[in-house]
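Worksheet: the structure to be examined is printed underneath.
Chain naming here is simple, since letters A, B, ... match the order of the sequence lines and numbering starts at 1 in each.
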Protein chains: 2
Amino acid sequence: MKKSRSEKQQRILDFIRTFLEKHDYPPSIRDIQSGCEISSTSVVDYNLKALEARGLIRRDREVSRAIQLVGTGGRGGGAVEVPVVGTIAAGEPLALPSQEGIDPRQVDETVTVTQEMIRGRDQVFALRVRGTSMIDALINDGDIVLMEPTDSVADGEMAAVYLGSSNETTFKRVYREGKRVRLQPENATMQPFHVDADDLSVQGRFVGVVRAL
Amino acid sequence: MKKSRSEKQQRILDFIRTFLEKHDYPPSIRDIQSGCEISSTSVVDYNLKALEARGLIRRDREVSRAIQLVGTGGRGGGAVEVPVVGTIAAGEPLALPSQEGIDPRQVDETVTVTQEMIRGRDQVFALRVRGTSMIDALINDGDIVLMEPTDSVADGEMAAVYLGSSNETTFKRVYREGKRVRLQPENATMQPFHVDADDLSVQGRFVGVVRAL
DNA sequence: GGAGGCGTGGAACGTGTGTTCTGAATCGGT
DNA sequence: ACCGATTCAGAACACACGTTCCACGCCTCC
C-alpha cells in the first residue's frame, strides 16, 4: 500500500497550515502523526526532513514545534516580506537583479509590509532611496520605495528608469515629450532633465513608500 | 529592587512578539526566561498566568510553546490592526476616547501596519490628518499617523496636543519655552504660535505615518 | 535471485518543557 | 512595626517531544 511520494507530504503540509491557522502555533511531530493518521513519529520526521530538503518548510533542531512554513508567503497573515534589492539615487548606477524570480532568500534585507500596500501586485521589490530629489512627493532620503516590475509606465507616474548611455538608474516622474522623455524630480530646488526615449528603459513602477523609522 | 507591576510583563510580551517575528513559532518558558533575564521558570509561569488573566495572551495547558498573542492584533505574524479613532487638524476640535483601553471592536475603521512600525509599543492608535501643516515632515493631507498615548513629550517631538481654552486638538512639533509652549508646524508657509503651558495637554506622541494610497 | 534505495513500523533514549511545591523576599496598608 | 498579599527563587517532577536505531516490506535495476 504505497502512496505517491508527495501525497503524504502534501497532506502533512496542509495539516500544518490548518493547525497553524487554528492554534497560532506549529504542531508537534505527534500532533502531525495523529492528525494525518501516520503510524510512527519516525515517519513524520522522515517526511519533514524531505519537506525541508525541498525547501517547503524550515526547522530548528532539538526544539519542539519549530516548524516554519516558507512556501506560500510565510504565514497567512496580512504581512508580506519584500526583498530590498538595492539603493537608488540620482546619478548613481544600480544593478538590478533579474526582474523575474527574485529569491527572497538571496537577499539579506527585507521589509515587512501589509498586503494592502501592494494590493495583490506580484513580484514587488523594494529600493532604498538616496537623496531628496523626491522630497515633495513625500519620499525622503533613507525611505524605502516599493516597486512593481514593468517596462512601461503612464505619463506622470513615478518610476525607476535606467539610462543606457550613462549607465545609471534613477527615480523620477516620467513624462513623454515626443521622442524625448522628461525626468521630473519632486524637489522645488531641482530642475528636470531630458533624455532620448531610446536611451531609457523603465525598471519598475512606484507602488508605495515605507518610512525608515 | 522592585519593578512596577506591568514592567516585567510588558517586557515578556515584547519578547514574545519579537521572538514570534523572528522564529515564526512561540517561545518556550525557558526561552522567555533567558531572553528576559528572569531567574526562574516559575516566575515566567507566574507572569504568563497574569498576562492570560489580563486577556493579553492565550495558553493551552500541558502543551509546549502554546502561547498565543491575542492583545494587539491577534497573530504575531507581523501585522497589527490599529484603530483609527478620529481626524486631527489645526483649528478643529477632536474628541479622543479615553486614553487607556481603547477597544478595537468599538472602532469601525482600522489600519493594518507591521509590528516593526509600532515596535512593541502598547495602546497605539491612529488619526487621520487633515491639512498640510506638517507637509515638510512628510505628512500629507489624508495621511494616517500612528500615535502612542502619553501625557508628556520631549522637546521637538511631534505630538497631538489639546488646547483647553479653545477646545481644539492639533498636531504639531512641541517646544517648551519657559512657561509657554511653541507649537511649530512643518510647513514653510505657516507660522508657529504660542500657548500657555497650562492650557496644553499632550494626547499622544507621534510614532509613524501610513500613507493613504 | 541479489543488491541497493526508499518508505514504513515500532521502540527506546535523552532532553526540552510545562507544572508544582516550598520558602524567602518585597510591597502595601493599618 | 506588623501582617497579609504579591512576587520571586530554586528545585524537583512528570511527561511531551525530537531524535535515533534497527528491522521489514517494496520497488528497480543489474
Side-chain angles (χ1 to χ4, degrees), chain A residues 1-20 22-70, chain B residues 1-20 22-70 76 122:
Chain A
M1 195 185 81
K2 160 88 154 35
K3 300 177 181 176
S4 91
R5 182 170 77 231
S6 63
E7 179 181 330
K8 181 168 292 188
Q9 292 175 19
Q10 186 58 46
R11 191 172 174 186
I12 291 177
L13 215 52
D14 290 341
F15 177 78
I16 295 175
R17 244 189 287 271
T18 58
F19 189 98
L20 214 40
K22 183 173 183 182
H23 296 90
D24 270 354
Y25 55 83
S28 71
I29 296 238
R30 283 173 178 82
D31 287 334
I32 300 173
Q33 181 190 357
S34 65
C36 297
E37 295 166 354
I38 294 174
S39 51
S40 174
T41 61
S42 62
V43 177
V44 178
D45 184 63
Y46 179 86
N47 285 286
L48 285 180
K49 280 186 174 130
L51 285 171
E52 189 177 17
R54 290 170 57 190
L56 295 175
I57 63 173
R58 200 152 55 86
R59 295 177 77 195
D60 290 350
R61 290 181 201 175
E62 310 258 340
V63 178
S64 68
R65 301 178 186 273
I67 301 174
Q68 313 162 41
L69 290 177
V70 300
Chain B
M1 196 186 83
K2 158 74 156 47
K3 301 174 180 175
S4 87
R5 180 170 83 234
S6 62
E7 180 179 330
K8 182 168 292 189
Q9 291 174 20
Q10 184 60 45
R11 191 171 174 187
I12 290 177
L13 215 51
D14 290 342
F15 177 78
I16 295 175
R17 245 188 288 269
T18 59
F19 190 98
L20 216 40
K22 183 173 182 182
H23 296 91
D24 269 356
Y25 54 84
S28 71
I29 290 208
R30 283 172 179 82
D31 287 334
I32 300 173
Q33 181 190 358
S34 65
C36 297
E37 293 166 356
I38 295 174
S39 51
S40 176
T41 61
S42 61
V43 177
V44 179
D45 184 63
Y46 178 87
N47 286 285
L48 285 180
K49 279 186 174 130
L51 284 171
E52 189 178 16
R54 289 171 57 192
L56 294 175
I57 63 173
R58 200 153 54 86
R59 294 177 77 195
D60 291 350
R61 290 178 201 175
E62 310 259 340
V63 178
S64 68
R65 300 175 187 274
I67 301 174
Q68 312 162 42
L69 291 176
V70 300
D122 213 8

Between A:Arg65 and B:Ser64, is there a donor-acceptor pair closer than 3.5 Å when you use the side chain of the first and the backbone of the second?
yes
B:Asp45 CG to C:dC21 P: how many Å, rounded?
12 Å
Atom CD of A:Glu37 and atom P of C:dT8 are separated, to the nearest Å, by 14 Å
What integer distance in Å separates A:Ile12:CD1 from C:dT8:P?
9 Å
Is the base of D:dG18 touched by the side chain of A:Ser64 through a donor-acceptor pair closer than 3.5 angstrom?
no
If only side-chain N and O atoms of A:Ser28 are considered, is one of them under 4.0 Å from the OP1 or OP2 phosphate oxygen of D:dC17?
yes
Rounded distance in Å - CD1 (B:Ile57) to P (C:dG18)
12 Å
Could you tell me how far apart A:Arg65 (CZ) and D:dG18 (P) are, to the nearest whole angstrom?
7 Å
Please determine if a side-chain N or O atom of B:Arg59 lies less than 4.0 Å away from the OP1 or OP2 oxygen of C:dT19.
yes
5' priority, DNA chain C, between A:Val63 and B:Lys49 [closest heavy atom]:
A:Val63
Pick out which of A:Ile57, A:Asn47, A:Thr18 makes a side-chain contact (heavy atoms from CB on, under 4.5 Å) with A:Leu13.
A:Ile57
With a cut-off of less than 4.0 Å, is there a side-chain N or O of B:Arg61 near OP1 or OP2 of D:dA14?
no
Figure out the CD1/C1' separation between B:Ile29 and D:dC15, and round it to whole Å.
14 Å
To the nearest Å, give me how far apart CD (A:Gln68) and P (D:dG18) are.
13 Å
Any N or O donor-acceptor pair linking the side chain of B:Ser42 to the base of D:dG10 at under 3.5 Å?
yes
Taken to the nearest whole Å, CD/B:Glu62 to P/C:dG18 is 11 Å
Between the side chains of A:Asp31 and A:Ser28, does any donor sit under 3.5 Å from an acceptor?
yes
Check this for me, if you would: do A:Arg11 and A:Glu37 make a salt bridge, where the nitrogen-to-carboxylate-oxygen distance has to be below 4.0 angstrom?
yes
What one should report as the nearest heavy-atom pair of A:Pro27 and A:Ile32 is CG-CG1, 3.9 Å
Of the listed nucleotides C:dC6, D:dT6, D:dA9, the one nearest the side chain of A:Tyr46:
C:dC6
Counting only distance, no hydrogens or angles, is the base of C:dG18 paired donor-acceptor with the side chain of B:Arg30 under 3.5 Å?
yes
By nearest heavy atom, map B:Thr41 and A:Ala66 onto DNA chain D; which one lands nearer the 5' end?
B:Thr41
